[in-house]
Amino acid sequence: MNGEGRSNKPWGGRFTEPTDAFVERFTASVGFDQRLAEHDIQGSIAHARMLGKVGVISEAERDAIVTGLEAIRADIRTGDWVWSEALEDVHMNIESALVGRIGEAGKKLHTGRSRNDQVATDLRLYLREEIDVILARIEQVSRAILDVADAEAATIMPGFTHLQVAQPITFGHHLLAWFEMLQRDGERLAECRRRVNVMPLGSAALAGTGFPLDREFTARELGFETISRNSLDAVSDRDFVIEFCAAASLILVHLSRWSEELVLWASPQFDFIELPDRFCTGSSIMPQKKNPDVPELIRAKTGRVSGHLLSLIMLMKGQPLAYNRDNQEDKEPLFDTVDTVQDCLSAYTGMLPALRVNRDKMLSAAQTGFSTATDLADYLVGKGVAFREAHGIVGRVVNHAASEAKDLVDLSLDVLKKFSPVIEKDVFDVLTVEGSVAARDLPGGTAPDTVRRAIREARTRLGVS
Ligand code: ARG
C-alpha cells in the first residue's frame, strides 16, 4: 500500500490521511499539560519498574526505560526542551522522546496502560503535591493570625451585624473567627486529599488489562494509599478535581470576606488599620491615594475560582462512561485554581504581620452606636426584670440618649432611674465597652482572657507553642 499521506501519529495505524492542521491545534493539550511532565515521568518510571517486576518486560528493558525517562526529566528541568503540538499532549511527547533515545525498549513502556489511566494518575500525583503546598500555606496564615490576635487580645473594636455597630468585641476575637474559617478549609482539603490519593493505573483504557500487572506494587512506588476499585470509574472520574475546586472556592470565599473587611477598615471612614505600603498601590491622577489593591484583587479572584468550579461541574455533567476527550478541559481551570489559591494565601502571610492597628480609632468606634445597650438590658434582667421587658426599657433609654446626642454611659443615674427604679450606681460598670467585653467570658466569647485561652488552644491544635 502507498504510505504517502498517512498519519504520522503514534496512534496513526488505522488512519489514511494526516490530521487537519486545525484539528491538530484544536485537540492539542501540550501547551498546558506540559505542567504534568514531572508527574508523568514519575508515573511512567513506577509503571516500568512494575512491568519489570512481573516479567512483562525484561530487567534490561526496564533499566533502559528508567534511565531514559530520568534523562528526559533532567533535560526538561534545564528548560532545554521543545514540546511538539503535533504530538498532542505531554504523554505522547515524552513517550516519543523516550523511543527516540532508547529505541525498541521505549515502545514497551505503554504496555498494559492507556493515556486514560495515565492522565488520571498524573493529575492525582500533581494535585496531591499541590494540596500539600496549600496546607502548608494555610498553616503559615493560621500562625500569622494567631500572632496578631495575641497582640490584639484586649483591643476593643465594634462588632457589627448588618454593618451596623452591634456590640463591643475584641480585635483578637475577630481574628480568631478568621482562624476558625481557615481551619475548616484545612480539614476539607485533608479530606479531599484522601480521595485524590487513589491510583487509577491498571484500569488501562476503560476495562482493565489482561497483563498480570501488580497494581499494589505501582501504588506503593507512587505513594498512593489505595488502588481504584473500578476501571470505568477510575479513568473517567474527576470528582476529586471538582471537590478540590469546591474546597478552594470556599478558601477564596473566606479570603474574600477578610479582604472586604480590610478594604473597609483601611478606608479613612473607618481608619481601623493601615496596610503596609508595600502591599498597596497609588493612583495615576490622585497623589494622595493609597489603595488596597491586593485585598481587592483577592476579592475578585474569588469569582474566578468559583467560576472554575462551575465550569468543571458543567464539564462532567453530560459525560457517559467511560473516558471522553472532554476531560482534557479539566486542566486549565484546575491549574489556575491551584495558582490562585496559593498566591492569595501567600498575600495574607505577607500582609497580616505588617498590619498597623489603630487601637484608638477602634475603641472610639466601639463607644458609638449604643453598643452596650444589650449589657444594660442584661443588667436589668440581673435585677429581676424579664428580658423582653428590659428590652423595651432600654429601647426607650436609647431613644432618649439619641435625642440628647449622648451615649448610654453619659446619662446620669437620676435620668436612668426614671426609666427603671432598679437601676443603681453599679450600672456604669456594665455600660463601658471594657465591662461589656469582659462579661462575655464563656468559651467562644470575646473577653480578653477568653481570647487568650482560645489562642493557646489554637496553638496546641496547630502543634505550635
Ligand atoms: N490529553 C488527554 C487528556 O488530557 C489525555 C488522554 C487522551 N486519551 C485519549 N483516548 N484521547 O485527557
Side-chain angles (χ1 to χ4, degrees), residues 7-15 18-20 22-44 46-47 69 72 76 81 83-99 107 109-130 196 198-209 222 228 230-242 244-245 308 311-338:
S7 170
N8 60 352
K9 303 288 180 196
W11 38 253
R14 61 96 75 209
F15 288 76
T19 315
D20 185 274
F22 162 76
V23 173
E24 194 160 280
R25 178 178 67 73
F26 190 70
T27 55
S29 57
V30 70
F32 49 87
D33 67 15
Q34 54 183 263
R35 191 157 164 168
L36 297 173
E38 291 270 339
H39 306 95
D40 194 68
I41 291 172
Q42 188 189 359
S44 288
H47 182 67
L69 286 170
I72 290 171
I76 294 174
W81 188 266
W83 298 102
S84 154
E85 204 168 65
L87 288 167
E88 256 181 63
D89 55 25
V90 65
H91 323 292
M92 291 206 297
N93 266 266
I94 290 173
E95 191 184 321
S96 118
L98 181 69
V99 175
K107 297 183 183 167
L109 168 63
H110 211 49
T111 313
R113 188 177 75 167
S114 153
R115 278 185 294 157
N116 298 350
D117 58 349
Q118 185 178 359
V119 69
T121 302
D122 292 3
L123 214 51
R124 287 169 182 272
L125 288 170
Y126 159 81
L127 189 53
R128 187 178 70 187
E129 202 170 285
E130 299 295 355
V196 169
V198 177
M199 191 192 72
L201 280 179
S203 304
L206 76 163
T209 173
L222 294 172
S228 58
N230 180 290
S231 61
L232 296 172
D233 180 46
V235 293
S236 62
D237 168 41
R238 294 294 182 272
D239 290 3
F240 65 100
V241 176
I242 294 179
F244 167 77
C245 288
H308 291 327
S311 82
L312 287 162
I313 291 172
M314 292 302 114
L315 174 71
M316 291 310 295
K317 78 174 188 53
Q319 288 195 46
L321 286 172
Y323 176 85
N324 302 279
R325 192 62 175 266
D326 309 45
N327 283 345
Q328 183 165 292
E329 290 281 311
D330 62 358
K331 288 167 200 66
E332 288 162 294
L334 174 63
F335 295 161
D336 189 63
T337 299
V338 165

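Only a predicted model underlies this, so the values are computations on that prediction, with no experimental measurement involved. Indexing begins at 1, ligand by ligand and atom by atom, following the structure's order.
Ionic pairing of Asp237 and Arg124 is present here: one or more N-O contacts between side-chain nitrogen and carboxylate oxygen are shorter than 4.0 angstrom. A salt bridge does not link Glu95 with Arg115: every distance from a Lys NZ or Arg NE/NH1/NH2 to an Asp or Glu carboxylate oxygen is 4.0 Å or more. Salt bridge status for Lys9 with Glu24: present, with a side-chain N to carboxylate O gap under 4.0 Å.
To the nearest 0.5 Å, atoms CG (Asn116) and CG (Leu201) are separated by 11.5 Å.
Side-chain polar atoms of Gln34 and Asn93 form no donor-acceptor pair below 3.5 angstrom. Of the N and O atoms on the side chains of Gln118 and His47, not one donor lies less than 3.5 Å from an acceptor on the other residue.
Proximity to Ser29 (heavy-atom distance under 4.0 Å) selects the following atoms of ligand 1: 1 (N). Using a 4.0 Å cut-off to heavy atoms of Lys331, the atoms of ligand 1 that qualify are 3 (C), 4 (O), 12 (O). If you number the atoms of ligand 1 from 1 as listed, the ones under 4.0 Å from a heavy atom of Asp89 come out as 1 (N), 2 (C), 5 (C). Atoms of ligand 1 found under 4.0 Å from any heavy atom of Arg325 (numbered from 1 in listed order, with element): 11 (N).
At a 4.0 Å heavy-atom cut-off, ligand 1 does not touch Gln118 at all.
Inclusion of Asn116 in the set of residues having an N or O under 3.5 Å from an N or O of ligand 1 is warranted. Polar contact with ligand 1: present for Tyr323 (N/O pair, distance under 3.5 Å).
The protein non-hydrogen atom at the shortest distance from atom 1 (N) of ligand 1 is Gln328 OE1, 2.8 Å.
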